[in-house]
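Since this is a predicted model, take the numbers as computed values, not measurements.
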Amino acid sequence: METTKKGRPFKLIALDLDGTLLNRHHEISNENRKAIAEAVEKGVQVVISTGRHVKSCKNYADSLQLSSYLVAVNGSEIWDPSGNLLERNPLQQDFVQAMWELCHQHGTRFWAMTPESEFREGFPEEITQREWLKFGFDFDDQETSETILTELRKNKQLEISNSSPFNIEVNALGINKANALKKVCDRIGISMDQVLAVGDSLNDLAMIQAAGCGVAMGNAQELVKESADWITDTNEADGVAKAIRYWVLNEKMA
């Protein structure tokens with residue numbers, strides 16, 4: 001079994017979904033499925049670590065027959081192998097109110113998540129009466145993105161990332177995939193240098209930097225590639241499977 005930079009074998013694989021494990025049709029390829037199954041058979045835990053709501057990602061974990069932890073909404077929620085919520089880290093309601101107003105001011109599309117729902121069209125009036133996990137902006141031009149980022153960065157209690165070059169995602173400060181995975185590692189008695197983390201976007205950056213081996217997809221954003229230890233193939237060409245086979249199953253590439 002391939003070892004990490006510190007000489008320990010990998011015990012956990014953390015996988016982003018969109019742009020990473022999933023292809024453009026939001027499907028898991030047969031090659032990715034086979035590589036994951038072989039890693040699990042060797043005793044390696046596979047953890048889905050995604051910006052998605054648990055309702056839209058648990059079915060993927062179930063389809064892979066994973067019996068492991070689940071990191072959802074960029075780390076705002078951590079779920080145990082039995083489907084129990086271990087931790088939830090909400091955004092302050094007044095921050096969500098301010099972002100909703102910022103969205104209207106600049107005419108951007110939005111999405112927002114509560115523990116129960118995901119809002120993309122229509123927004124509840126009782127913003128301060130709900131618990132919020134994440135707020136997102138979708139935009140069509142870079143100028144709007146930079147303007148919104150400038151405003152968001154004035155608030156030092158926000159964790160700002162993205163899941164594509166055309167959006168901005170906001171969580172509570174300190175809530176990211178890396179910190180959630182550290183908590184998972186603590187629970188199962190391993191360290192982050194025994195983690196192989198694979199992703200493509202800025203909401204994957206922290207876990208890629210913190211892992212024993214951080215892998216960027218071939219379709220990843222440039223900053224993610226620059227920060228990674230290794231670059232695999234794209235999400236359309238079984239990049240996850242190739243990373244697992246090389247680093248975990250010890251199958252060297254031709």
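Between F137 and L102 the shortest heavy-atom distance is CZ-CD2, 4.1 Å. Across T234 and N219, no two heavy atoms sit closer than the pair CA-OD1, 3.3 Å.
Here the side chains of I244 and L249 are in contact, with some heavy-atom distance below 4.5 Å. Between R88 and E131 there is a side-chain heavy-atom pair separated by less than 4.5 Å. Taking the side chain as every heavy atom from C-beta outward, V96 and Q93 never approach each other to under 4.5 Å. The shortest side-chain heavy-atom distance between L22 and I28 falls under the 4.5 Å cut-off. Side-chain contact check for Y69 versus I188: some heavy-atom pair is nearer than 4.5 Å. Taking 4.5 Å as the limit, every side-chain heavy atom of I148 sits out of range of all side-chain heavy atoms of F139. Residues E169 and M113 form no side-chain contact, since every pair of their non-hydrogen atoms from C-beta on lies 4.5 Å or further apart.
Between the R33 side chain and the S63 main chain, a donor and an acceptor come within less than 3.5 Å of each other. With hydrogens and angles ignored, the 3.5 Å screen pairs no side-chain donor or acceptor of H106 with any backbone N or O of T108. Looking at W100, its side chain never comes within 3.5 Å of a backbone N or O of F135 through a donor-acceptor pair. The backbone N or O of S29 sits nowhere less than 3.5 Å from a side-chain atom of D238 that would complete a donor-acceptor pair. Not a single donor-acceptor pair under 3.5 Å links the side chain of N167 to the backbone N or O of N162. Side-chain atoms of S117 do not come within 3.5 Å of backbone N or O of T114 as any donor-acceptor pair. Formation of a donor-acceptor pair under 3.5 Å by the Q157 side chain with backbone atoms of A172 is not found in this model.
N89 and E87 share a side-chain donor-acceptor pair at under 3.5 Å. For N203 and S163, the side-chain atoms include no donor-acceptor pair closer than 3.5 Å. If you check the side chains of S201 and Q221, you find a donor sitting under 3.5 Å from an acceptor. Side chains of Q97 and E101: a donor on one and an acceptor on the other come within 3.5 Å.
Salt bridge annotation for E118-R52: absent, with no cationic side-chain nitrogen under 4.0 angstrom from a carboxylate oxygen. By the 4.0 Å N-to-carboxylate-O rule, D16 lies close enough to K177 to be salt-bridged with it.
When the shell of 6.0 Å around CZ of R187 is examined, it contains 12 or fewer heavy atoms from other residues, nucleotides or ligands. Remark: E121 CD is loosely packed, at most 12 non-hydrogen atoms of other residues, nucleotides or ligands lying under 6.0 Å away. When the shell of 6.0 Å around CZ of F166 is examined, it contains 12 or fewer heavy atoms from other residues, nucleotides or ligands. Within 6.0 Å of atom NZ in K225, more than 12 heavy atoms from other residues, nucleotides or ligands are found, so the atom counts as buried in its surroundings.
Here the options are N171, N179, T50, the test is side-chain hydrogen bond (donor to acceptor under 3.5 Å, both in side chains), and the partner is N74; only N171 passes.
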